[in-house]
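Basis for what follows: all heavy atoms, side chains included, without hydrogens, waters or symmetry-related copies. Residue numbers start at 1 and run along the sequence shown.
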Amino acid sequence: MNFREERIMPIPFLLAGAGILAGVVGVGGHIDAKETNEIAQARRDKAKNMYDKEKDILEKYQEDTKEALLNLGYAKEKTLNQSMKHFLTLYEKIKDVNPKDPSDYKEISRFSIDDTAVLQIKNMSDIYFDSIGSGVAGAATGAVIALAANGSLGAVTSGLSLAGTFLSMGEVGSAVGMVGSALSVGAAMTPLAAVAAPVVMFTGISASMKADENLEKANEMLAKAEKAVEEMKVSEVLCKSITERSKLFQDLLRKLDRMFAECVYSLDRVIREKEYSNPNRKLKSEDFTQKELELISVTRALAGATKAVIDTPILTKDGKVEIESRHVYDKMMSKFDGAVKTVK
């Protein structure tokens with residue numbers, strides 16, 4: 001009897017000890033899950049903060065780019081609507097006049113405009129005046145941005161109608177999920193959609209999910225955020241380049257237009273005098289003095305140079321800053337001093 005009691009008695013104690021051990025393991029497991037969820041939450045928060053911070057930076061660059069493109073686009077529109085429009089009315093009166101090149105005219109003579117270029121300017125002007133005056137704010141702003149980024153947009157050579165152009169703008173704007181912003185409307189005819197921030201969804205850490213699953217999900221969000229940040233940094237570089245190039249061309253256009261407008265005004269005065277002296281007769285080369293013929297020649301050249309600046313695209317079709325635009329700028333600036341002397 002005693003022997004059996006000695007054999008049986010330890011069993012309850014063993015069971016009790018096992019229960020205590022199981023409880024300890026259970027507590028430890030709970031603590032591990034809690035810590036894992038905390039790690040998951042921290043990584044999720046890190047991913048979101050990282051993404052939000054870079055997105056804010058990109059959006060600031062986007063605004064700078066939009067402002068620079070709008071300024072350039074409106075500068076182009078102003079030149080088309082004022083100096084160039086004025087010149088086109090005068091051109092019809094002196095297009096058959098054979099101008100005489102001044103001695104120092106060689107710096108800008110190669111830009112001299114012809115009938116084909118005049119027709120292109122008229123068509124391009126009509127497209128933009130109609131779109132900017134359409135009364136649709138988004139379409140007007142988009143047209144200005146597109147004019148700045150892509151020059152003439154190929155709208156003249158491609159034969160696109162205004163309605164078709166803006167239908168395409170709406171479709172592309174919807175596709176990139178940026179409808180309603182001025183940048184998205186311009187993006188339809190430019191590669192500017194490339195500057196949109198990648199979309200990353202940051203879901204919460206769920207108490208109903210296993211801790212390991214939460215951690216895995218948080219790691220995925222962190223990896224996506226890191227990739228998105230790198231993509232946004234690339235877009236920021238693009239935005240900076242577009243902004244800088246836009247400002248260069250706006251400054252160049254402003255300088256050119258100042259000289260062009262002065263010459264157009266002087267030419268208008270000369271033509272009025274000739275028409276007064278020769279009413280009801282088409283003007284001929286012999287009606288003008290040598291200096292007046294030089295003025296005609298310089299004004300036509302400045303019209304061609306101004307058109308070249310307006311036509312020059314800032315961006316390529318694949319969304320990069322157009323290298324040729326820098327060449328155009330440098331070439332114009334190298335001839336600018338000679339043009340100033342000629343005009344004076």
Side-chain angles (χ1 to χ4, degrees), residues 75-129 147 151-152 156-157 249-278 281-312 327-344:
K76 288 184 176 184
E77 187 270 338
K78 177 176 177 289
T79 298
L80 283 172
N81 198 33
Q82 296 181 14
S83 307
M84 193 63 76
K85 185 177 182 180
H86 191 181
F87 169 76
L88 292 179
T89 61
L90 301 178
Y91 180 82
E92 291 301 317
K93 299 177 181 181
I94 49 90
K95 66 179 181 179
D96 295 327
V97 173
N98 296 317
K100 300 294 183 181
D101 295 349
S103 58
D104 55 354
Y105 177 70
K106 62 182 180 180
E107 292 294 338
I108 57 173
S109 60
R110 74 178 189 83
F111 293 109
S112 190
I113 205 163
D114 56 18
D115 289 351
T116 301
V118 167
L119 179 61
Q120 290 174 346
I121 292 171
K122 285 181 178 179
N123 290 338
M124 183 170 64
S125 299
D126 289 343
I127 289 172
Y128 288 107
F129 297 157
L147 175 59
S152 64
V156 174
T157 56
F249 268 80
Q250 184 190 355
D251 183 61
L252 174 60
L253 183 60
R254 179 178 55 82
K255 291 175 180 177
L256 269 177
D257 189 50
R258 186 183 298 132
M259 290 192 299
F260 181 44
E262 183 178 343
C263 287
V264 169
Y265 175 78
S266 297
L267 182 58
D268 187 8
R269 187 173 56 191
V270 168
I271 290 175
R272 287 177 185 273
E273 291 175 356
K274 302 303 176 182
E275 287 180 328
Y276 182 79
S277 302
N278 303 279
R281 182 172 68 79
K282 193 171 184 178
L283 296 175
K284 302 177 181 179
S285 299
E286 53 265 29
D287 294 323
F288 298 90
T289 67
Q290 181 179 348
K291 287 295 182 183
E292 290 168 346
L293 290 173
E294 289 179 358
L295 173 63
I296 293 173
S297 187
V298 170
T299 306
R300 288 174 63 163
L302 286 172
T306 302
K307 178 185 180 296
V309 172
I310 292 174
D311 275 347
T312 301
H327 294 163
V328 171
Y329 175 83
D330 291 340
K331 192 177 295 183
M332 288 286 188
M333 291 305 295
S334 69
K335 300 180 182 301
F336 191 79
D337 289 341
V340 171
K341 291 177 183 177
T342 303
V343 170
K344 287 183 178 180

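Residues Glu275 and Arg272 are not paired through a salt bridge, judged by the lack of any N-O separation under 4.0 Å between the basic side chain and the carboxylate. Taking a cutoff of 4.0 Å between a charged side-chain nitrogen and a carboxylate oxygen, Lys95 and Asp115 do not qualify as a salt bridge. For the pair Asp96 and Lys284, the salt-bridge criterion is not met [side-chain N within less than 4.0 Å of a carboxylate O].
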Checklist line | Verdict with supporting geometry, Arg281 and Asn278, side-chain contact (heavy atoms from CB on, under 4.5 Å) | finding: CA-CA 6 Å; Arg281 182 172 68 79; Asn278 303 279; 2.7 Å; yes
Next item on the list: Carefully, step by step, assess Met84 and Phe87 under the rule side-chain contact (heavy atoms from CB on, under 4.5 Å).
Entry: CA-CA 5 Å; Met84 193 63 76; Phe87 169 76; 4.2 Å; yes
Note to self: side-chain contact (heavy atoms from CB on, under 4.5 Å) for His86 and Ser83? Distances and angles first, verdict last.
What the structure shows: CA-CA 5 Å; His86 191 181; Ser83 307; 5.8 Å; no
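The shortest non-hydrogen separation linking Ala75 to Gln250 is CB-CG, 4.2 Å. Between Leu267 and Ile296, the closest heavy-atom pair is CD1-CG1, 3.5 Å. The minimum heavy-atom distance linking Ser285 with Leu293 is given by the pair O-CD2, 4.0 Å. Across every non-hydrogen atom of Lys93 and Ile271, the tightest pair is CD-CG2, 3.9 Å.
Between the side chain of Glu292 and the backbone N or O of Thr289 there is at least one donor-acceptor pair closer than 3.5 Å. At least one donor-acceptor pair under 3.5 Å links the side chain of Lys274 to the backbone N or O of Asp287. The backbone N or O of Ile310 sits less than 3.5 Å from a side-chain atom of Lys76, completing a donor-acceptor pair. A donor-acceptor pair under 3.5 Å is formed between the side chain of Thr299 and the backbone N or O of Leu295.
If you take CG on Leu253 and OG1 on Thr306, they are separated by 6.5 Å, rounding to the nearest 0.5 Å. How far OG of Ser297 is from CD1 of Ile94: 10.0 Å, rounded to the nearest 0.5 Å.
Contacts of Asp257 classified as salt bridge (Lys or Arg N to Asp or Glu O under 4.0 Å), with partners at least two apart in sequence or in another chain: none.
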